[in-house]
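A short write-up of the structure that comes next.
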Amino acid sequence: MSIESRSATYDVEALQKKWRPVWERLDPFRADAQATDSEPDPRERRYALTMYTYPSGDLHMGHAEVFALHDVIARYWFQRDYNVLNPIGWDSFGLPAENAAIRNNEHPATYTYANIETQAASMRRYALAFDWSTRLHTSDPEYYGWQQWLFLRFYERGLAYRRASWVNWCPKDQTVLANEQVIAGACERCGTTVTKRQLTQWYFKITDYAQRLLDDMAQLEGHWPVPILTAQRNWIGRSEGAYVDFVIEGRGEPVTVFTTRPDTLFGFTFMVVAADAPLADELCTPEQRPEFEAYLEGVKRETEIDRLAADREKTGVFLGVHGVNPVTGERFPVWAADYVLADYGTGAVGGAPGEDQRDWDFAEKYGLRIVRTVQPEEGFDGKAYTGVGSAINSANDEIDLNGLTRDEAIRRIIDWLESKGHGRRAVTYRLRDWLLSRQRYWGCPIPIIHCEACGEVPVPEDQLPLKLPDLRGHDLAPKGVSPLAAATDWVEVACPKCGGPARRDSDTMDTFVDSSWYFLRYPVPHYDQGPFDVEAVRRWMPCDNYFGGSEHAVLHLLYFRFFTKVLHDMGMLDFVEPTKSLINQGQVINQGARMSKSKGNGVDLGEQIDDFGVDAVRLTMVFAGPPSDDIDWADVSPAGSYRFLQRAWRMAHDVTSAPGADPAAGDVELRRFTHRVVHEATELIESYRFNVMVARIMELVNVTRKAIDSGAGADDPAIREAAEVTTILLSLVAPYTAEDMWEGLGHEPTVALAGWPTADPELLVQESVTCVVQVQGKVRSRLQVPPDISDGDLEAMALADEAVLRIVDGREIRKVIVRAPTLVNVVV
RNA sequence: GCCGGAGUGGUGGAAUUGGCAGACACGCAGGAUUUAGGAUCCUGUGCCCUCGGGUGUGCGGGUUCGAGUCCCGCCUCCGGCACCA
């Protein structure tokens with residue numbers, strides 16, 4: 001696209017061709033990462049982080065949005081002359097590369113590294129202010145070798161462990177999934193319905209950090225999006241209550257259950273054990289066994305989707321044993337059912353049908369006794385009563401809860417349980433440990449060797465990185481066990497401890513492990529003395545801002561907080577939260593829906609750039625609305641952005657005064673406007689209201705255009721000042737156009753480091769302000785008044801105003817509210 | 001069901017200590033210029049209405065001189081969790 005104008009030609013494509021090589025040569029966005037305490041860089045540091053990318057194909061519209069937004073902040077910090085670290089890297093292990101490799105019969109690395117180069121070239125074209133010297137790829141052995149080192153540290157601390165349990169299994173991808181990767185019963189990646197399998201797998205003990213993950217949110221409050229903090233709180237799911245021990249007839253050890261309502265203990269008339277928990281199997285009597293096993297078989301066959309179906313009728317089976325309620329002394333039956341979860345609490349619950357709808361349903365179906373222990377409110381005609389009320393039917397010789405409110409009853413009963421040794425105060429969490437092993441090839445090998453004699457043996461550190469075997473020519477297709485298991489000369493090793501025959505663990509790590517610490521390695525990306533340079537990280541981190549999508553709310557954004565805390569505990573970090581601030585960009589959609597091939601509503605980033613230029617696409621992304629809002633591409637106008645850039649560019653090229661002309665000699669009204677825009681733009685950027693900042697720049701261009709054509713004139717130095725301010729502000733969003741404007745204004749590249757303008761406080765003072773005069777709260781007149789007018793003078797002026805007199809029309813004035821200098825309200 | 005967030009013109013959105021609702025754009029309409037226009041420039045544009053005004057920020061109340069903003073009760077949409085005891 002190229003436009004002839006009376007003064008010059010704005011040709012985006014030519015600008016892109018012209019300036020890219022200049023920037024490559026100047027390399028203006030290098031962080032001074034090596035500056036140490038002994039040789040300090042006096043500038044303030046800023047670490048601008050954006051979620052690194054997965055190399056599947058070229059950049060798309062979503063990348064274009066988040067990068068455009070992120071670049072505003074990064075470039076603003078560069079203009080402020082901070083020492084900015086603005087790195088980029090690739091999340092380059094993962095399933096799509098492996099699946100593409102299987103399809104095309106090539107190695108995942110070929111696909112991965114080709115895409116990385118494609119994306120890197122697109123990022124450069126898109127003019128992102130990244131420091132290219134920091135670039136890292138998680139599939140490089142120098143990266144994942146240190147990840148193996150970290151895994152072994154977690155292992156030593158008991159934070160990485162292996163256990164058998166029922167796990168989420170994706171039948172299509174033929175691999176296990178973490179809880180966080182199961183969305184509404186389906187695989188996060190491919191949407192296939194998830195099933196359950198019993199497998200021995202590696203876990204990170206994130207549950208040890210549940211409370212700290214909650215507590216440290218206090219630091220994030222106000223700086224992280226509310227929905228993310230809420231989602232994490234829900235996910236961690238803290239519950240306060242008590243463990244209660246029940247004596248079971250014929251069993252030496254009592255069975256413990258967790259309850260949030262120990263105040264209803266007098267109403268516990270049965271116990272339910274998760275059918276798939278080992279405890280159910282153990283408690284079951286021989287007489288009941290056939291029935292129990294038949295039931296269990298049915299439970300195992302159910303998919304997650306079936307299990308999650310709403311209003312599903314509860315089913316269960318009597319296990320043949322009885323327990324004793326410690327407060328009533330009554331015997332109760334023990335049942336197994338699938339509405340109790342094996343891996344939450346103790347895998348067993350006390351049935352309190354009077355105050356729990358699930359227990360009520362179960363009791364009703366199987367004819368179990370129901371006792372109310374809370375007085376329902378007047379008119380309550382439901383089943384289980386879960387509202388507030390005072391306790392009833394809750395007394396024995398030693399304790400009397402009757403009449404007490406819920407909280408008081410809970411306190412009293414727990415105290416009693418503790419004093420009698422029947423239970424204790426407890427907190428449980430919904431959060432489960434993070435299942436990290438995956439039965440796939442293209443990932444970080446788990447550095448453990450399994451020896452029949454010695455058990456789990458860590459790969460010795462001097463053998464790290466434990467590289468992936470090439471496997472070229474092998475079948476990578478998913479078979480339920482890792483393809484690595486088939487690489488016999490890689491898998492079969494001598495045990496490092498005893499020298500006997502042993503096998504390497506053939507699973508690879510979840511790629512969310514890779515992304516849990518990449519930001520720590522950026523300051524010194526090729527560091528070879530450890531996973532990251534502890535001293536450099538101390539100087540740069542925590543990050544000052546992190547841009548990325550909210551789809552990671554309980555995935556990456558939880559995991560990287562967990563890693564940060566563990567590394568803090570290991571003495572490697574002096575902070576506990578990885579980033580001070582987080583911004584979630586919205587999604588780019590089209591015609592009201594997510595872009596997809598089947599809907600045929602895809603928008604190609606390359607085509608948009610070809611049609612409108614990089615700058616117009618970036619500007620459109622930034623101007624569309626607040627960063628966290630979705631952008632419907634059908635609602636915005638890259639053509640409009642293009643027209644604006646052209647106007648701005650022409651305005652700058654129309655300036656005729658010489659560089660360095662003293663603005664003080666220029667038109668003061670225009671100068672006031674310019675300085676007001678500078679002042680506001682600064683605040684708007686710092687509060688992430690980039691769209692409004694763009695609106696202010698547009699106003700400045702409009703006002704300056706008018707001043708050139710029918711005001712101060714093209715040679716007024718205030719015009720130059722306005723044009724230069726416009727150029728610098730615009731450089732955050734439209735770097736090509738701004739660079740060319742800067743040259744047109746007689747300056748050397750690069751405008752990116754020209755320096756952020758400062759507003760002259762004297763020019764921010766208004767000469768006169770508009771005062772609104774209301775009668776009965778309705779605007780009836782406007783007055784131009786000096787900003788320091790007194791309340792009395794202003795009131796006199798307002799009451800003398802013609803329009804006010806007409807409306808008041810002789811009625812008695814009851815009250816006059818004066819807020820000098822902006823408002824007067826006359827009440828009659 | 002529980003926990004969050006949000007509802008403003010034809011459209012995207014402004015207005016963040018309660019003080020001019022609709023900034024800035026898109027679109028549309030009219031005009032200028034042009035061989036032409038997916039170019040450029042100018043003007044207009046919440047709704048109703050007869051100039052004058054009335055009315056208006058999801059709905060209903062309330063507080064206040066004054067409410068998009070605060071309070072109470074609803075409705076709708078979006079996100080998280082969901083048999084978590």
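Every chain is numbered from 1 and lettered A, B, ... according to where its sequence line falls, protein lines coming before strand lines. On a predicted model such as this, the values are computed, not experimentally measured, just so you know.
Within the 4.0 Å cut-off from OP1 or OP2 of B:rA85, at least one side-chain nitrogen or oxygen of A:Tyr344 is found. Look at A:Arg647 and you'll find a side-chain N or O under 4.0 angstrom from OP1 or OP2 of B:rC41.
Nucleic acid contact class of A:Thr822 (heavy atoms, under 4.0 Å, all strands): none. Nucleic acid contact class of A:Asp343 (heavy atoms, under 4.0 Å, all strands): none. Within the 4.0 angstrom heavy-atom criterion, base atoms lie near A:Gln774. Note on A:Arg238: nothing from the nucleic acid sits closer than 4.0 angstrom, heavy atoms only. Among the protein residues, A:Arg643 comes within range of the sugar-phosphate backbone only, with heavy atoms under 4.0 Å from sugar or phosphate atoms but none that close to a base. Counting non-hydrogen atoms under 4.0 angstrom, A:Ala695 reaches a base of the nucleic acid. The residue A:Val257 sits apart from the nucleic acid: no heavy atom pair falls under 4.0 Å. Across all strands shown, A:Val772 has heavy atoms under 4.0 Å from base atoms, whether or not it also approaches the sugar-phosphate.
Taking atom CH2 on A:Trp235 and atom P on B:rA82, their separation rounds to 5 Å, with Å as the unit. Taking atom CD on A:Glu364 and atom P on B:rC83, their separation rounds to 21 Å, with Å as the unit. Atom-to-atom, CD1 of A:Ile236 to P of B:rG4 comes out at 16 Å; the value is rounded to the nearest Å. Note: CD1 (A:Ile183) to P (B:rG79) measures 13 Å, nearest angstrom.
For A:Trp335 and A:Tyr366, the gap between ring centers is short of 6.0 Å. A:Phe332 has its ring centre less than 6.0 Å from the ring centre of A:Phe246.
Anti is the classification of B:rG66, since its glycosidic angle lies more than 90° from 0.
With hydrogens and angles ignored, the 3.5 Å screen pairs no side-chain donor or acceptor of A:Gln646 with any backbone N or O of A:Tyr10. Checking side-chain atoms of A:Arg425 against main-chain N and O of A:Ile414 turns up no donor-acceptor pair under 3.5 Å. In this structure, the side chain of A:Asp433 engages the main chain of A:Ile206 through a donor-acceptor pair within 3.5 Å. Looking only at distances, no side-chain donor or acceptor of A:Asp629 sits under 3.5 Å from a matching main-chain atom of A:Gly586. Side-chain atoms of A:Thr737 never come within 3.5 Å of backbone atoms of A:Leu645 as a donor-acceptor pair (strictly under, hydrogens ignored). Checking side-chain atoms of A:Glu188 against main-chain N and O of A:Ile183 turns up no donor-acceptor pair under 3.5 Å.
Between A:Phe362 and A:Tyr339, the angle of the ring planes lies from 30° to 60°, which puts this pair in the tilted group. Ring planes of A:Phe690 and A:Tyr688: tilted class, angle from 30 to 60°.
Using a 4.5 Å heavy-atom cutoff, the side chains of A:Val349 and A:Thr259 are not in contact.
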Do any N or O atoms of the protein come closer than 3.5 Å to N or O atoms of nucleotides 55-57 of chain B, and which pairs are they?
unit_1	atom_1	unit_2	atom_2	d
B:rU55	OP2	A:Lys778	NZ	3.4

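At a cut-off of 3.5 angstrom, counting only N and O atoms as typed in the model, there is no donor on one side facing an acceptor on the other between the side-chain of A:Asn234 and the base of B:rC81. One cannot find a donor-acceptor pair under 3.5 Å joining the base of B:rC65 and the side-chain atoms of A:Arg814.
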Nucleotide by nucleotide, nucleotides 7-18 of chain B touches protein heavy atoms under 4.0 Å in the pattern (B base, S sugar-phosphate only, - none) ----SBSSS---
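If you check B:rC65, B:rA23, B:rC41 against the side chain of A:Arg650, the one that comes closest is B:rC41. Here B:rG53 is the nucleotide among B:rC81, B:rG53, B:rA85 with the atom lying nearest to any side-chain atom of A:Arg806.
Along RNA chain B, the nucleotide nearest to A:Thr770 and the one nearest to A:Pro227 differ in position, and the one closer to the 5' end is contacted by A:Pro227.
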Symbol by symbol from the 5' end, with Watson-Crick or G-U pairs under 3.5 Å, [ ] crossing and | another strand, RNA chain B is (((((((..(((......[....)))((((((.......))))))(((....)))..(((((..]....))))))))))))....
